[in-house]
Number of protein chains: 2
Amino acid sequence: MLTERQEQILRALVEEYIVHADPVGSRTVSKREDIGFSAATIRNEMADLEEMGFLEQPHTSAGRMPSQSGYRYYVDYLMGPQRIDRSELLAVRRLFASQMDALEQTIQQTVSILSRITNYTSILLGPELYDNKLKHLQVVPLTDRVAVSLIVTDTGHVDQRRIRVPEGVSLSSVEQMVNLLNTKLSGIPLHRLKGRVYRELYSELSRHVEHYESLLSMIDQILVDDLDGRLFFSGTTNILTQPEFRDVEKVKALMDLFEQSDAVARLFTTDHDMGIQVKIGQENHLEAVNNCSIVSASFSLNGRSLGRIGVLGPTRMNYRKVVSLLEVLVEDFSEYLRRRYG
Amino acid sequence: MLTERQEQILRALVEEYIVHADPVGSRTVSKREDIGFSAATIRNEMADLEEMGFLEQPHTSAGRMPSQSGYRYYVDYLMGPQRIDRSELLAVRRLFASQMDALEQTIQQTVSILSRITNYTSILLGPELYDNKLKHLQVVPLTDRVAVSLIVTDTGHVDQRRIRVPEGVSLSSVEQMVNLLNTKLSGIPLHRLKGRVYRELYSELSRHVEHYESLLSMIDQILVDDLDGRLFFSGTTNILTQPEFRDVEKVKALMDLFEQSDAVARLFTTDHDMGIQVKIGQENHLEAVNNCSIVSASFSLNGRSLGRIGVLGPTRMNYRKVVSLLEVLVEDFSEYLRRRYG
DNA sequence: TTTAGCACTCAGGGCTTAGGAGTGCTAACA
DNA sequence: TGTTAGCACTCCTAAGCCCTGAGTGCTAAA
């Protein structure tokens, strides 16, 4: 599609623009070590690249900057891998070497390290509880009418909710029920629990426990199905140092977006679940991130995706570094999960 | 200290400035309904008020704006109460009428309603677990070496942590210990638990349970003492619509502050624990909130303060409305707590 | 095919000017 | 003696203008 020279020029221009955030002129490109042509030649090629839609000019006498397609082409064909700094690599390794922290804590630290190294905002979605298996179920009565239910999963996640105790249900029958559920449901993935109860335990409950209809309503409260992944953020203010966010309006739009979990989660959805995904600018179909890009990757356990981790920065982001870093990070994170839960 | 006329003028000027965010001129003040003097007279008084330090001028030919002391005087002596909108009052009442939500959920909704009505940022600190009483303790083993500990309090709060199971400790002895702790410690405030264990249960443990030294180390992990209050935020981006936050630098400073829990918590500390507290500008002793004010109030249960809820806005905030609203809100919230836990 | 040369374009900074809001002072008035 | 009208003065702001420099596109020569 592009000649080799055009690719050289496009790559040089993108990388120059990523660093300096100013439109790049032909002279600047021609002075780079990897370019061996005069400014005039570059100008010709740049005019062609602009016609093809890879470059844009903010106004006639300014240099060029990459268009969305320009970034796309750069990411898909030109950028290649980048070696990660030794010290940064070390920080990642050290994080996943620790054993004792709760999963949530490790996740928070992972997100945090990612935002610190990249200087962008980093977001983690998940891990979903969907697949987690029931380890232990407990109901703690607070008053006659109110209790707290606890579900501990095999990954150590605790789901807690406040539930209403139906009229006429005795403490001992609740206990009986909980015991039954624990013996029958232990090891079952959370998303199957409800089905199991109705298919297999219904008759047993009705035989062994009095007031079983009321108890079923309690079970309904305990086993609700919002098993969605949680969101973890770090470095939400990093992006404020970027020159494209001088305008408070844009800052507000983005910060508001961050508070809408579902919208953020949607930014991560993808068809091809595995591997690194780069969504550039308007590919995200969301006003607030029109001039942002999102690089994200799935982490998985036993071949099944658990969630996604990603970096959000301006479209003028250092894709090369972010993608390479994310590759390493996700691999190490998945390895860590395997070691702990696999 | 001030003549009545000076107070009239100061009040008018503060209220005018709060609405329009522009320095207020003598003409504007003299045109208000509650002022019956000519602009020239106002000018004389304003010059005096400036000399006394209650007003400032950004430059010679601009109007005046309140200084920090000006706001202080206004808040302390001039503003008076304000009737809360019927619809807003209703929203508050409706919130606290609901019964079933978990405390955390109610708290989040309270903060949210406060930020929506005021259009500033609202923050809640606490409630501290300090005083909560132990309802139920549970240890769920995940693997041989790792377990999850759960503490349910009488308010329905669940404290969970991942703990390490010492070598050589059997499942049954853990169970024994948990049972013992539950019978002996139920109803004891959390901050007393550790003392109790060492003073009264030590000998009993050593008699009944094998490996009791290892078990004690487990207990130490379970009963850690970070019972600090959590922070809840809402409307963090509201403040971005204020003209004093046009500058992204200031936005960043504030957002960064929000991520430092301890610094935020310190903003709420106070000597006189009860009642409404207004901290204006530099009274907060923190660069990032130099041009912000914080109005906060304690909520309490059985005469004991549980935490504080507050509003953060620009120094040019609508103190009258915020203070009045907070009075109502805190009273209703405390009443709600009493009904539920009192 | 590449490059040097040259005329042209246009944003941004600096400077000037006009307008207007608001002041302080003075003198007249009740 | 306190209050008010009048007036000269200050100084910010926005608008207009010019100039500069970076960068371009085109043309002609190498």
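We use all heavy atoms of the structure for the numbers below, so side chains are in, but hydrogens, waters and symmetry mates are not. Keep in mind that this is a model prediction, so the values were computed, not measured.
Here the shortest heavy-atom pairing between Ser30(B) and Ala39(B) reads CB-N, 3.7 Å. Across all their heavy atoms, Glu45(A) and Ile9(A) have their closest contact at CB-CD1, 3.6 Å.
Taking every nucleotide of DNA chain D with any atom under 4.0 Å from a non-hydrogen atom of chain B, the first and last of them, 5' to 3', are dT3(D) to dC12(D).
With no hydrogens or angles considered, no side-chain donor-acceptor pair links Thr121(A) and Asn238(A) at under 3.5 Å.
For the segment residues 56-69 of chain A, the set of residues with a heavy atom within less than 4.0 Å of an atom of DNA chain C comprises His59(A), Thr60(A), Ser61(A), in numerical order. Near-neighbour residues of DNA chain C inside residues 240-248 of chain A, defined by a heavy atom below 4.0 Å, are absent. Within residues 26-36 of chain A, the residues approached by DNA chain D to less than 4.0 Å at the level of any non-hydrogen atom are Ser26(A), in residue-number order. Using a 4.0 Å cutoff on non-hydrogen atoms, the parts of residues 40-54 of chain A near DNA chain D are Arg43(A), Met46(A), ordered by number.
Put simply, CZ on Arg5(A) is 11 Å from C1' on dT3(C), counting in whole angstrom units. In this entry the distance linking CD of Glu16(B) with C1' of dG22(C) reads 15 Å, nearest Å.
Within the cation-pi definition used here (under 6.0 Å to the ring centroid, within 45° of the axis), Arg11(B) does not qualify as a partner of Tyr74(B).
A distance-only check finds no donor-acceptor pair linking the side chain of Ser26(B) to the backbone of Ile42(B) [under 3.5 Å].
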Determine all donor-acceptor pairs shorter than 3.5 Å in which one atom belongs to a side chain in residues 284-296 of chain A; sequence neighbours excluded.
from: Asn284(A); atom 1: ND2; to: Gly281(A); atom 2: O; distance (Å): 3.0
from: Ser293(A); atom 1: OG; to: Tyr319(A); atom 2: OH; distance (Å): 2.7
from: Ser296(A); atom 1: OG; to: Arg308(A); atom 2: NE; distance (Å): 3.4
from: Ser296(A); atom 1: OG; to: Arg308(A); atom 2: NH2; distance (Å): 2.9

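Ring orientation note: the planes of Phe258(A) and Phe233(A) are tilted relative to one another, at an angle of 30° to 60°.
Put simply, the side chain of Met1(A) does not reach to within 4.5 Å of the side chain of Gln6(A), judged on heavy atoms.
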